[in-house]
Amino acid sequence: MSEPLLQVMQDDAKKVTLPPGLSEADLKTMYEGMVAIRVYDERSLKLQRSGRIGFCVTSFGEEATQVGTVAALQDIDWIFPSYRQYGVPMYRGVQLEDMASHLYGNKFDLAKGRQMPAHYTFKDKRFVSISSVIGTQIIQAVGCAMAARIKGDNCIAATYFGDGATSSNDFHSGLNFAAVYRAPVLFFLVNNQYAISLPVKKQSGNELLYKRAEGYGVPGIRVDGNDVIAVYQATKEAAERARNGEGPTLLELFTYRAGSHSSSDDPSRYRSQDEMDSWKKKDPIERMKRYMQKLGIWSEAYETEIWESFRERINQFTTAAEEQPEPSWESLFEDVYAQMPASLERQKDQLIARESGLELSNEGEFPL
Ligand SMILES: Cc1ncc(C[n+]2csc(CCOP(=O)(O)OP(=O)(O)O)c2C)c(N)n1
């Protein structure tokens with residue numbers, strides 16, 4: 001089976017030049033964005049393994065799919081992610097204390113402790129709350145893009161989902177609607193080759209998932225998802241088309257989930273060590289480092305400084321988040337009604353009274 005794959009970084013290239021439209025500083029920013037995700041993942045996994053947080057999701061090996069895409073988007077563009085793209089708001093400059101507070105579900109958690117850890121939401125970064133339900137974000141992104149087109153806004157929408165999500169109804173209806181309405185939306189199909197333990201070949205009759213785009217009349221492209229520059233260039237082009245009213249694109253970012261599905265998974269039960277080792281050679285951070293070395297914009301001192309400073313900052317924020325109290329009981333009642341109904345007011349008063357050790361009559365009230 002011939003497998004087209006857009007690549008910029010050829011590992012055997014002796015000499016490389018700066019890619020068009022990108023400066024040395026841009027490449028460094030992208031490299032640093034990927035390192036930040038890696039360090040965050042290492043830290044959150046350690047916190048989970050030592051029982052300090054209950055759960056985490058990591059994206060080892062998939063850093064380029066996040067950084068290459070977001071670097072080519074504008075800050076006004078809406079992001080509808082799966083649970084594996086928290087690196088996107090990190091790149092947009094989200095506060096690390098907000099991320100750490102969410103991992104602990106403390107009183108500063110923007111999700112107010114109501115989500116599983118690793119289900120971030122960052123309204124000011126146009127990063128829509130992560131949902132674990134596979135595929136739902138796809139049609140939400142299409143709706144958002146259709147609305148932007150109708151209103152004449154300049155923003156586009158981008159949605160990320162895995163190979164497993166291509167079997168969801170929402171994938172099919174999302175692509176169809178987007179094509180018919182020429183919605184300015186980018187579909188980032190992050191093909192990390194597994195849906196938990198299920199490999200792509202058991203998921204689809206055609207492993208070249210980008211080809212599904214053709215059936216909907218949408219341009220489809222298969223990109224090396226471990227090549228941050230190729231991901232950037234493909235995204236830039238597709239985003240420009242979407243912004244110019246030329247409709248959606250499906251970008252299959254071919255990569256490998258180098259870690260476990262989540263902190264509750266053990267991949268050694270369903271894939272070989274040889275397979276996992278073979279992907280280490282394609283690590284997107286190492287590849288970018290080699291590319292930068294060839295360009296002469298990398299040094300040992302730079303590398304040490306970047307990794308150490310991220311480790312220090314991320315440790316500092318997670319340690320601080322651990323010390324914060326839980327969200328208050330009262331916050332349970334917020335955000336559902338603009339005007340709280342009397343029945344709920346009474347339940348709130350009862351709960352507060354009970355938590356403060358006061359006795360209240362239950363007469364005529366709903367039991368708590
Ligand atoms: C509608 C729905 N069905 C099943 C699940 C259980 N589930 C959670 S993650 C997952 C695998 C998803 O794989 P993929 O879309 O490839 O994304 P990846 O985890 O590889 O990033 C499944 C089946 C779910 N969360 N939602």
Side-chain angles (χ1 to χ4, degrees), residues 34 37-38 40-41 44-45 48 54-70 79-90 115-121 127-142 158-175 186-213 220 222-226 231 250-271 275-276 279 282 284:
M34 293 196 289
I37 302 172
R38 180 70 55 92
Y40 188 75
D41 280 348
S44 48
L45 198 55
Q48 196 279 336
F55 176 82
C56 75
V57 172
T58 56
S59 61
F60 293 114
E62 298 179 37
E63 295 87 354
T65 64
Q66 300 169 75
V67 166
T69 50
V70 65
I79 308 293
F80 291 81
S82 89
Y83 38 74
R84 227 179 279 287
Q85 283 86 35
Y86 42 86
V88 169
M90 278 174 92
Q115 269 279 27
M116 278 175 83
H119 287 64
Y120 304 90
T121 174
F127 183 86
V128 176
S129 180
I130 293 176
S131 153
S132 271
V133 187
I134 301 298
T136 50
Q137 71 275 24
I138 302 173
I139 47 174
Q140 294 164 1
V142 175
T159 180
Y160 297 73
F161 50 90
D163 38 286
T166 62
S167 299
S168 71
N169 290 340
D170 290 342
F171 171 78
H172 299 284
S173 28
L175 259 103
L186 306 186
F187 297 97
F188 293 121
L189 190 184
V190 185
N191 181 357
N192 65 13
Q193 306 185 48
Y194 285 90
I196 312 184
S197 55
L198 195 78
V200 172
K201 60 176 174 295
K202 290 193 181 168
Q203 177 91 226
S204 167
N206 185 347
E207 286 179 54
L208 295 177
L209 297 174
Y210 81 99
K211 286 199 168 178
R212 293 188 179 196
R222 192 162 181 270
V223 185
D224 182 342
N226 287 22
V231 174
L250 174 73
L251 299 100
E252 178 185 346
L253 310 177
F254 186 67
T255 180
Y256 187 75
R257 198 194 71 216
S260 54
H261 169 73
S262 72
S263 54
S264 312
D265 171 49
D266 173 7
S268 68
R269 308 256 321 245
Y270 52 83
R271 54 191 197 181
E275 179 189 303
M276 292 193 270
W279 276 87
K282 300 177 189 164

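Ligands are counted one by one from 1 in listed order, and the atoms in each one are counted from 1 as well. Nothing here was measured: the structure is a model prediction, and the numbers come from that model.
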Self-check item: Heavy-atom neighbours of Asn169 CG exceed 12 at 6.0 Å
Solution: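 No, not enclosed.
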Quiz item: Got a protein heavy atom sitting under 4.0 Å from atom 6 (C) of ligand 1?
Solution: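 No, there is no protein heavy atom closer to it than 4.0 Å.
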So, regarding [X] and ligand 1 (criterion: nitrogen or oxygen to nitrogen or oxygen, under 3.5 Å), is there a contact or not?
{"X": "Ile196", "result": "no"}
{"X": "Ser82", "result": "no"}
{"X": "Asp163", "result": "yes"}
{"X": "Ile134", "result": "yes"}

Self-check item: Partner of Asn192 by side-chain contact (heavy atoms from CB on, under 4.5 Å), out of Leu253, Asp163, Thr65, Val200
Solution: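 Single pass found, and it is Asp163.
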Exercise. Would you kindly specify which portion of Tyr83 sits under 4.0 Å from ligand 1, judged on non-hydrogen atoms: side chain, backbone, both or neither?
Key: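 Near ligand 1, Tyr83 shows its side chain, while the N, CA, C and O stay back.
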Quiz item: How does Ala195 reach ligand 1, if at all, at less than 4.0 Å between non-hydrogen atoms: by side chain, backbone, both, or neither?
Solution: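 Both of them.
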Practice problem: Check each atom of ligand 1 against the heavy atoms of His261 and keep those under 4.0 Å away; list them by number with element. | Solution: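 So the atoms of ligand 1 that pass are 9 (S), 19 (O).
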Quiz item: Which of the atoms in ligand 1, numbered in the order shown and given with their element, are less than 4.0 Å from a heavy-atom of Asn192?
Solution: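 Atoms satisfying the 4.0 Å criterion: 18 (P), 20 (O), 21 (O).
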Quiz item: Measuring from Arg271:CZ to Tyr256:OH, what's the distance to the nearest 0.5 Å?
Solution: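 The CZ atom of Arg271 sits 3.5 Å away from the OH atom of Tyr256.
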